[in-house]
Amino acid sequence: MTTAHADPMPRAHALLKQIWGYDAFRGVQGDIVRTVTDGGNALVLMPTGGGKSLCYQLPSLLRPGVGVVVSPLIALMKDQVDTLRQLGVRAAFLNSSLSLPEVRDVEAALAAGELDLLYVAPERLLLPRTLELLERVDVGLFAIDEAHCVSQWGHDFRPEYQGLRVLPERFPAIPRVALTATADDRTRADILNVLELGGARQFVSSFDRPNIQYRVANKEGPKTQLLDFIRAEHAGDAGIVYCLSRRSVEETAQWLVAQGVDAVPYHAGLSQRERSTAQERFLNEEGLIVCATVAFGMGIDKPNVRFVAHLDLPKSMEGYYQETGRAGRDGLPSTAWMVYGLADVVNVRRMLASSDAPEEVKRVEAGKLDALLTYCEAATCRRQLLLAYFGEDYAGPCGNCDVCVNPPRVRDMTREAQMALSAAIRSGNRFGAAHLTDILLGRETEKVVAMHHNALPTFGVGAAHDEKTWRGVLRQLVSLGYLAAGEHHGLMATGKARALLKGETTLALREDSLIPRVSKRERER
Ligand code: ADP
Ligand code: ZN
């Protein structure tokens, strides 16, 4: 562009103060605002509570035309729009909750150029009618919130998000900013692909939540363990207790109440009214505990949630991070507490196996579960593992997780790790954990023989240990980034593995390892 661009930042700072009352940008917010206001595309990876909204709301005000925000969270649009209106921003939303006359009103305001921000559900955006309308009006930018929904690998795939391909196709000149709090490499690649953000600037914030203490314990008597935990550390505090089933949500809430703890249930089986009452009470009262399925929490912005407890395994590290992330948004000390046991693992595996998702998706989900299990079994700093999962190199140890505070007894498994790595490398970096285990144990399975892996120097070198140990070693190696899962779940040694092979790094595993025994059938898959 040849026209002289005035520096948008003085005005950005003025609006930041005038409209939101903030004195400064947080972290990379300022850089993102500048990039998008100047018409650039951007990918924003920022943890929940990091301040993503401002990254598109402010540029929408600074750029001519309306900022169109795609969001899957219909339930929250109204709140967001109400908040913006209170701040004096001309905002509206379009989704299935509106009546026809209401839709017409919003469309008229849009056509008349009377909106600064328009929130729209993806399926509504993709209607030919909406797209045509947007082509006729002045659009300042597209913000794609919860952008991980484009990816099948994410925990929250929404097919209509893939339809957002039309944005780069039909509106190539309008800047796009995609935002998400959860994106592993694969998800990130999908976002870049669908939204054609290849040339976009990427803004990746740290996912560390230093004020959250991460803890995982072996499940013995979950309800009693929970009560002990609450009484000892969080009496009178607001908290969320996540359970897998509606029934356990109900039971846990009832039980807590019977013990004199203020708690309410929340799950999709309750009436709309019961749910909003629970939600409102949670937001407005001081020390209420919500026992909930994962249906609870999306977009809940209560700053002083002091603990998040998991009585059942979350679905993935992404889910765990998002759910625990609802604790301590005010920056004060908070606890992410979880108990898990063998039965849970079996349960989740069974659910996974019996789902009718495509094989490929199931395999990805199994991989995600493995990452979570490795986290549960960690003998090293949990924060380090959690952040490593999101691609972040955290120096650690953090001093604020159960492993750091109360180090478990560990055994030096460096030699075993070297054996496993060399089994992977010598067999060509393309076999999965089961086959590598067979090699290490010296099992002459059909596949081992067919591949001549019984002739490898590593064949049988691990016979002193059992299968459980080898699975544990391999899983740890994956979670710590020494082995990476490639195509078809083959494991390959990474650059990092060299240090371990050369003996420059050591590896310790915990003795009380909770690595679950898998059933024979599962083992053979
Ligand atoms: P996200 O969408 O990333 O979860 P939000 O945009 O909802 O996060 O912001 C989280 C919280 O941080 C909100 O309460 C918001 O008001 C606050 N916030 C965002 N940016 C700033 C800032 N620059 N200064 C102070 N508070 C901020
Ligand atoms: Zn730690």
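Numbering of residues begins at 1 and proceeds along the displayed sequence. From a predicted model like this one, the values you see are computed outputs, not experimental measurements. Counting convention: from 1, in listed order, for ligands and their atoms alike.
- Counting non-hydrogen atoms of neighbouring residues, nucleotides and ligands closer than 6.0 angstrom, the CD atom of Glu220 exceeds 12 such neighbours.
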Run the salt bridge (charged side-chain N to carboxylate O under 4.0 Å, His left out) check on Lys496 and Asp393 step by step: do they pass?
-> CA-CA 12 Å; Lys496 204 174 159 185; Asp393 224 345; 5.7 Å; no
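- Gln29 NE2, 2.9 Å is the protein heavy atom nearest to atom 20 (N) of ligand 1.
- Between atom 18 (N) of ligand 1 and the options Phe25, Tyr22, Trp20, the minimum heavy-atom separation is to Tyr22.
- Ring orientation note: the planes of Tyr214 and Tyr375 are nearly perpendicular, at an angle over 60° on the 30°/60° scale.
- Of the inter-residue distances, the one linking Ile212 atom CD1 with Leu386 atom CG reads 9.0 Å to the nearest 0.5 angstrom.
- A heavy-atom separation below 4.0 Å is not found between Met46 and ligand 1.
- Taking the six-membered ring for Trp and the full ring otherwise, Phe296 and His267 have centroids separated by 6.0 Å or more.
- Of the angles at the Zn ion (ligand 2), the one spanning SG of Cys401 and SG of Cys381 is 120° when given to 10°.
- Atom numbering of ligand 1 starts at 1 in the shown order; those under 4.0 Å from a heavy atom of Pro47 are 3 (O).
- In this structure, atom 14 (O) of ligand 1 lies nearest to the protein heavy atom Asp301 OD2, 3.4 Å.
- Ranked by closest heavy atom to atom 7 (O) of ligand 1, the top entry among Gly50, Ala181, Ser53 is Ser53.
- The protein heavy-atom contact nearest to atom 9 (O) of ligand 1 is Gly51 CA, 3.4 Å.
- One finds an angle of 120° at the Zn ion (ligand 2) between SG on Cys404 and SG on Cys398, to the nearest 10 degrees.
- The nearest heavy-atom contact from the protein to atom 4 (O) of ligand 1 is Gly49 N, 2.6 Å.
- One finds no salt bridge joining Lys52 and Asp145 here, because no Lys/Arg side-chain nitrogen approaches an Asp/Glu carboxylate oxygen to under 4.0 Å.
- Seen from the ring of Phe93, Lys78 does not count as a face-on cation partner, given the 6.0 Å and 45° thresholds.
- No N or O atom of Arg329 sits closer than 3.5 Å to an N or O atom of ligand 1.
- Nearest non-hydrogen protein atom to atom 3 (O) of ligand 1 is Lys52 NZ, 2.8 Å.
- Considering backbone and side-chain atoms together, Leu54 places no N or O closer than 3.5 Å to any N or O of ligand 1.
- Electrostatic pairing of Glu318 and Lys368 counts as a salt bridge here, judged by a charged N lying under 4.0 Å from a carboxylate O.
- Considering both main-chain and side-chain atoms, Ala24 comes within under 3.5 Å of ligand 1 through a nitrogen or oxygen pair.
- Of the possible donor and acceptor atoms, none in the side chain of Glu146 sits under 3.5 Å from a partner among the backbone N and O of Leu179.
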